[in-house]
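Notes follow the structure.
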Amino acid sequence: MFEHDRSAARGEMATRKLVVFKHASALGNAPAHVLFDRVKVGRNIDGAFQTIDRRLDNYPPAREFSDYVIEMERDGMPAGVEIIERL
């Protein structure tokens, strides 16, 4: 996606994870904001998912993709919606 787009703001961006919501209906089975709220990104602190808060100020800044954890709430998905993870 960014192969030929080298702006100063993005630098050397690379796609690391792709989350696809597949709907059974062409018009969709759930609103986008409901599905996007199911994807959570947090810091990887000692192998555990941590949301950003003031207590993390003592930890060094994230420098690698492995410094983050991506979790998806799969329980209670709206009927007709499937989560597909790529990459």
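All figures in this text were calculated on a predicted structure; none of them were measured in a lab. Numbers for residues simply follow the sequence, beginning at 1.
Residues Ile83 and Phe49 do not share a hydrophobic cluster, clusters being chains of Ile/Leu/Val/Met/Phe/Trp/Tyr side chains in contact below 4.5 Å.
Side-chain contact check for Tyr68 versus Arg43: some heavy-atom pair is nearer than 4.5 Å.
Nearest heavy atoms, Phe65 versus Ile70: CZ-CD1, 4.0 Å.
For the atom pair Arg74 CZ and Glu85 CD, the distance stands at 4.5 Å (nearest 0.5 Å).
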Could you list the donor-acceptor pairs under 3.5 angstrom formed between side-chain atoms of residues 23-40 and any protein atom two or more places apart in sequence or on another chain?
residue: His23; atom: ND1; partner: Asn29; partner atom: N; Å: 2.9
residue: Ser25; atom: OG; partner: Leu27; partner atom: N; Å: 3.2
residue: Asn29; atom: OD1; partner: Ala24; partner atom: N; Å: 3.0
residue: Asn29; atom: OD1; partner: Ser25; partner atom: N; Å: 3.0
residue: Arg38; atom: NH1; partner: Glu73; partner atom: O; Å: 2.7
residue: Arg38; atom: NH1; partner: Asp75; partner atom: O; Å: 3.1
residue: Arg38; atom: NH2; partner: Gly76; partner atom: O; Å: 2.7
residue: Lys40; atom: NZ; partner: Asp37; partner atom: O; Å: 2.7

